[in-house]
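Comments concern the structure below.
Naming convention: chains lettered A, B, ... in sequence-line order (proteins, then strands); numbering from 1 in each chain.
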Number of protein chains: 2
Amino acid sequence: MLGRVTAEPQPRPHTGRRRNPAVRQAILDCAADLLADNDYSAVSIDAIAQAAGVSKHTIYRWWPSKGAVLLEAMAERARKLTPGLDTGVFADDLETFLAATFRTAVKVSGLLRGIMAEAQRDPVAAEGLRQFTAGRREELRALLARGLRQGELPADSDLDLLVDQFFGLMWYRLLIGHAPLDDTVAARLVRSVILPG
Amino acid sequence: MLGRVTAEPQPRPHTGRRRNPAVRQAILDCAADLLADNDYSAVSIDAIAQAAGVSKHTIYRWWPSKGAVLLEAMAERARKLTPGLDTGVFADDLETFLAATFRTAVKVSGLLRGIMAEAQRDPVAAEGLRQFTAGRREELRALLARGLRQGELPADSDLDLLVDQFFGLMWYRLLIGHAPLDDTVAARLVRSVILPG
DNA sequence: CTCTTGACGAAACTGTCAGTTTCGACAACG
DNA sequence: CGTTGTCGAAACTGACAGTTTCGTCAAGAG
């Protein structure tokens, strides 16, 4: 309706004061820092705004909800820490991937746990988390598919199930905290799935 | 200090009005029902108090926090739905256990997700969830140990890792909601771990 | 240069919810 | 019947998400 009335593809290129990308970045950085350092409960929109020297108004002009801010902060920080190497030796690559993933996850566990909690009540955060985890699953799945092609995994392996077993164990230990999540776990996991020989 | 001064082991057996167990039960039942039906965000202490026809005051006299109430409600409901049979055929028992566990978990997924979210900020709920899941892990671990003794699992299986892979996958799918959690999953999981033959 | 547009900070405001406190019954036991 | 502790009702505090209002400032248009 509205679009028909005006019928202007790009009527006004732009005018007025431009948004400051430094402000946006400061918000994301402070959000991630707060989540990493403090308890999740200590991280409020007001706290982020204060830490970034920004008004709440500005935050809500750029993101629709608290969950959206936290999620983008997490996604950005996670993007920086992805290995993705290929030595040609499947078992080594898988172990490297898992070990690096676990190490990073433990380092930012406060952030991950907070986002997971937020996603259980905020649909925006839930959808974002679904997309974020989908990307991570796709990466691991591609790696496992290579192992399957090279005959290092049983031919009838269910890759989706395997992926969820790995990431599931990771999240389970992160969220409950009953057992460690370190390089040893990564090594044992790899040994439990690859075919002997 | 205080104990020394009085020096009375059981000074006063009891006096005054007795607490009404029906009230306690009503609170737990209503809490579990609310969590099962509605969104978790719709479940507040006020809502539970109103549904149970009880004052908030009464709830807080019996439990220290919201998380404690929800956790006890969950633990009670979960206790009613444990299989624990033994047909002698390990693979069948394992599949039955997993399938029943998944079915129940999906049915009360709103409750489980809410508790998990609560446990990420309330230490009381976190400790309770740790104990609850420890019991579940112990049960599954005992079942797997039987399979190991009977030679149906690889001799070098890491049972703790296996347990966390199973429950991890369950929670992961419950919390993210990207893939189903049904009998088929249980069957495939069993097939992926037992030795052929 | 000046006017318009929109980004931004400050701060007040609304609504919800956890947890506390107060008060007035009321029930059991001595 | 008095003491003791349970219970409901309701007001209250404090924190926080999200909104609104207002004044200011920066950048482009004319």
message: So if I take every side-chain heavy atom of B:Arg19 and compare against C:dG19, D:dA17, D:dT6, which nucleotide ends up nearest?
response: D:dT6
- prompt: Hey, does the side chain of B:Trp62 come within less than 4.0 Å of D:dT6's phosphate (OP1/OP2), counting only N and O?
  reply: no
query: Would you say a side-chain N or O of A:Thr58 is under 4.0 Å from OP1 or OP2 of C:dC8?
result: no
- prompt: So does B:Lys56 reach the base of C:dG19 with its side chain, donor to acceptor, closer than 3.5 Å?
  reply: yes
query: Choosing from D:dG8, D:dG18, D:dA27, which nucleotide comes nearest the side chain of A:Arg18?
result: D:dA27
field: A:Arg130 side chain to B:His178 backbone, donor-acceptor under 3.5 Å
entry: no
field: Whole angstrom value for the distance that separates P of C:dC17 from CG of B:Asp122
entry: 17 Å
- prompt: Strictly by modelled atom types, are A:Ser65 and A:Asp122 linked by a side-chain donor-acceptor pair under 3.5 Å?
  reply: yes
- request: Of all the heavy-atom pairs spanning B:Ser192 and A:Gln165, show the shortest one and how long it is.
  value: OG-OE1, 4.5 Å
5′-ward residue of the pair B:His57/B:Lys66 relative to DNA chain C: B:Lys66
query: Rounded to whole angstrom units, what separation is found between the CG atom of B:Asp46 and the C1' atom of C:dT20?
result: 13 Å
- request: Nearest whole angstrom, please: distance from the P of D:dG8 to the CD1 of B:Ile45.
  value: 14 Å
field: Over 12 non-hydrogen atoms of neighbours within 6.0 angstrom of CZ in B:Arg121
entry: yes
Euclidean distance, atom OH of residue A:Tyr60 to atom P of C:dC8 [Å, nearest integer]: 17 Å
- prompt: Nearest to the side chain of B:Arg61 - D:dA17, D:dT6, D:dG8?
  reply: D:dT6
query: For the pair made of CH2 in B:Trp63 and P in D:dC7, what is the distance, rounded to whole Å?
result: 10 Å
statement: Quick note, A:Ser55 side chain, CB onward, closest among D:dC7, C:dG19, C:dA10 is C:dA10
field: Atom-to-atom span, CG of A:Asn20 to C1' of D:dT24 - whole angstrom
entry: 15 Å
message: In whole Å, I'd like the distance from the CD1 atom of B:Ile48 to the C1' atom of C:dG19.
response: 13 Å
message: Atom CZ of residue position A:Arg188 - does it have more than 12 heavy atoms of other residues, nucleotides or ligands inside 6.0 Å?
response: no
Nearest-angstrom distance from the residue atom CD1 of B:Ile59 to C1' of C:dT20: 14 Å
